[in-house]
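A short worksheet on the structure shown next.
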Amino acid sequence: MRLTVLAGGIGGSTFLLGLLKARPDAEITVVGNTADDITLFGLRVCPDLDTVMYTLGGGISQERKWGREDETWVIKEELAAYGVEPTWFGLGDRDVATHLVRTQMLDAGYTLSAVTEALSTRWKLPVRLLPMSDDRIETHVVVDDPEQPGRRKAIHFQEYWVRYQAGIPAHQIIAVGQDKAKPAPGVLEAIADCDVLIVPPSNPVVSVGTILGVPGIRDAVRETKAPVIGLSPIIGTGPVRGMADKVLATVGVASTASAVARYYGSRASGGVLDGWLIDSSDAIQADSIAGAGIHVQAVPLWMTDETKTAAMADAALTLAEAVRR
């Protein structure tokens with residue numbers, strides 16, 4: 001079985017652990033979001049790619065679910081002692097090695113795809129990890145300026161997310177460079193040639209949404225012969241993890257499983273979904289989702305351990321077969 005997954009960071013990588021448990025023999029390609037990427041202290045940092053890589057490679061911090069296990073922070077402390085900004089984003093000592101290798105290879109002329117493949121080899125990943133694009137794309141957020149009341153400014157998504165914890169009013173989300181970007185090599189083929197395309201419970205705006213926003217990718221998803229199955233990142237009125245409700249509000253989408261399904265849209269009506277899994281507690285929303293032309297099933301969606309996440313993956317693949325018939 002050939003499976004392709006459009007993944008953000010923590011939600012996507014956690015789901016992938018369950019998918020690997022459910023289908024250990026599947027050929028899995030992961031298309032990772034790179035619009036969260038940022039250059040800090042002269043190093044190119046790719047948070048979502050690294051979270052997938054560390055999680056599936058066994059190096060992720062089990063407590064934080066991002067960054068390295070057994071991390072130390074000497075470099076961060078020394079940079080702060082020098083007064084180097086920003087102080088709100090810290091790179092751990094082990095993590096810095098990844099960014100040094102990536103930056104050196106990019107500066108030497110290697111593409112992000114080639115760099116990601118090289119880094120993945122060190123972690124012996126059980127999947128093929130592809131960046132959504134080799135071109136530079138960065139998500140910026142237009143916010144109320146905390147330092148100048150009454151004015152607005154655009155800041156990098158990482159500053160909005162990490163420094164301000166999505167706690168300041170946001171008015172617009174802009175993926176800078178996206179309109180001129182191209183899908184990375186292998187991305188369109190992975191979408192066209194898979195047996196099932198899965199949209200895991202990642203942020204629908206700034207993770208999956210930015211992947212779909214790369215010219216050519218949304219069209220490829222609409223045209224693939226494979227069923228496209230998504231899993232809701234919203235349970236009740238809140239995100240499974242993170243602050244997806246904040247960015248959903250910025251684009252005018254309510255924080256419900258039904259609203260996110262409609263945001264993605266049915267492939268039959270020009271959207272990207274054939275099927276949508278919602279949590280059992282949201283079963284009352286099933287009729288609304290079905291009314292939008294999307295096959296829907298309610299199952300437990302809390303990814304509290306690999307066994308439960310594997311059951312979610314099984315449910316997604318079962319729904320794909322129902323859609324295919």
Side-chain angles (χ1 to χ4, degrees), residues 4-8 11-12 15 31 33 35 132 139 141 166 170-175 178 191 196-224 226-303 312 315-320 322-324:
T4 296
V5 181
L6 309 183
F15 174 79
V31 179
N33 169 47
M132 66 188 194
T139 299
V141 184
H171 304 280
Q172 189 177 4
I173 296 172
I174 305 167
Q178 186 179 63
I191 294 170
V196 181
L197 177 63
I198 301 176
V199 179
S202 295
N203 193 305
V205 180
V206 294
S207 292
V208 177
T210 49
I211 297 173
L212 293 172
V214 175
I217 291 184
R218 187 181 297 272
D219 287 343
V221 172
R222 288 170 175 162
E223 294 167 6
T224 183
V228 181
I229 307 298
L231 296 92
S232 176
I234 304 295
I235 296 177
T237 59
V240 173
R241 185 183 175 95
M243 299 164 280
D245 53 331
K246 304 292 187 181
V247 291
L248 283 168
T250 302
V251 297
V253 177
S255 185
T256 67
S258 175
V260 174
R262 290 174 177 271
Y263 175 70
Y264 281 130
S266 160
R267 278 215 290 175
S269 59
V272 297
L273 291 179
D274 294 311
W276 187 239
L277 291 183
I278 61 176
D279 188 69
S280 302
S281 63
D282 293 323
I284 194 173
Q285 301 180 44
D287 287 346
S288 172
I289 297 166
I294 301 169
H295 294 260
V296 60
Q297 184 177 357
V299 298
L301 287 188
W302 287 107
M303 297 187 291
M312 290 167 51
L317 297 174
T318 299
L319 183 56
V323 168
R324 203 191 308 273

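Residues Val323 and Pro227 share a closest heavy-atom pair of CG1-CB, 4.2 Å. Pairing each heavy atom of Val296 with each of Ala286, the nearest pair is CG1-O, 3.5 Å. The two atoms that bring Pro200 and Leu6 nearest to each other are CD-O, 2.8 Å, heavy atoms only. For the pair Leu248 and Ser255, the tightest heavy-atom approach, listed with the atom from each and the gap, is CD1-CA, 4.3 Å. Heavy-atom minimum distance, Met303 versus Gly11: CE-O, 3.8 Å. Closest heavy-atom contact between Ala292 and Ser269: O-OG, 4.5 Å.
Ser266 places a side-chain N or O within 3.5 Å of a backbone atom of Gly293 that can act as its donor or acceptor partner. Of the possible polar contacts, none joining the Arg218 side chain to the Gly213 backbone as a donor-acceptor pair under 3.5 Å is found. Of the possible donor and acceptor atoms, one in the side chain of Trp276 sits under 3.5 Å from a partner among the backbone N and O of Ala257. Side chain of Asn33 to main chain of Val206: a donor-acceptor pair is present (N/O by atom type, distance under 3.5 Å, no hydrogens or angles). In this structure, Asp274 contributes its side chain and Ile229 its backbone to no donor-acceptor pair below 3.5 Å. Judged by distance alone, with hydrogens and angles left aside, the side-chain atoms of Ser207 form no donor-acceptor pair with the main-chain N or O of Pro204 at under 3.5 Å. Checked by atom type and distance alone, the side chain of Thr224 pairs as donor or acceptor with a backbone atom of Ile191 at under 3.5 Å. With hydrogens and angles ignored, the 3.5 Å screen pairs a side-chain donor or acceptor of Arg267 with a backbone N or O of Val221.
We find the OG1-CE distance between Thr210 and Met132 to be 4.5 Å, quoted to the nearest 0.5 Å. For the atom pair CD1 (Ile198) and CZ (Phe15), the distance works out to 4.5 Å, reported to the nearest 0.5 Å. To the nearest 0.5 angstrom, Leu231 atom CG is 10.5 Å from Gln297 atom CD. The structure places CE of Met312 at 4.5 Å from CG of Leu301, a figure rounded to the nearest 0.5 Å. Residue Gln285 holds its CD atom at 5.0 Å from OG1 of Thr256, rounded to the nearest 0.5 Å. How far OG1 of Thr139 is from CD1 of Ile173: 8.0 Å, rounded to the nearest 0.5 Å.
With a 4.5 Å cut-off on side-chain heavy atoms, Ile294 and Tyr264 do not count as touching. You'll find the side chain of Ile278 reaches within 4.5 Å of the side chain of Ile289, heavy atoms only.
For Ile174, the CD1 atom is densely surrounded, since the number of other residues' heavy atoms within 6.0 Å is greater than 12.
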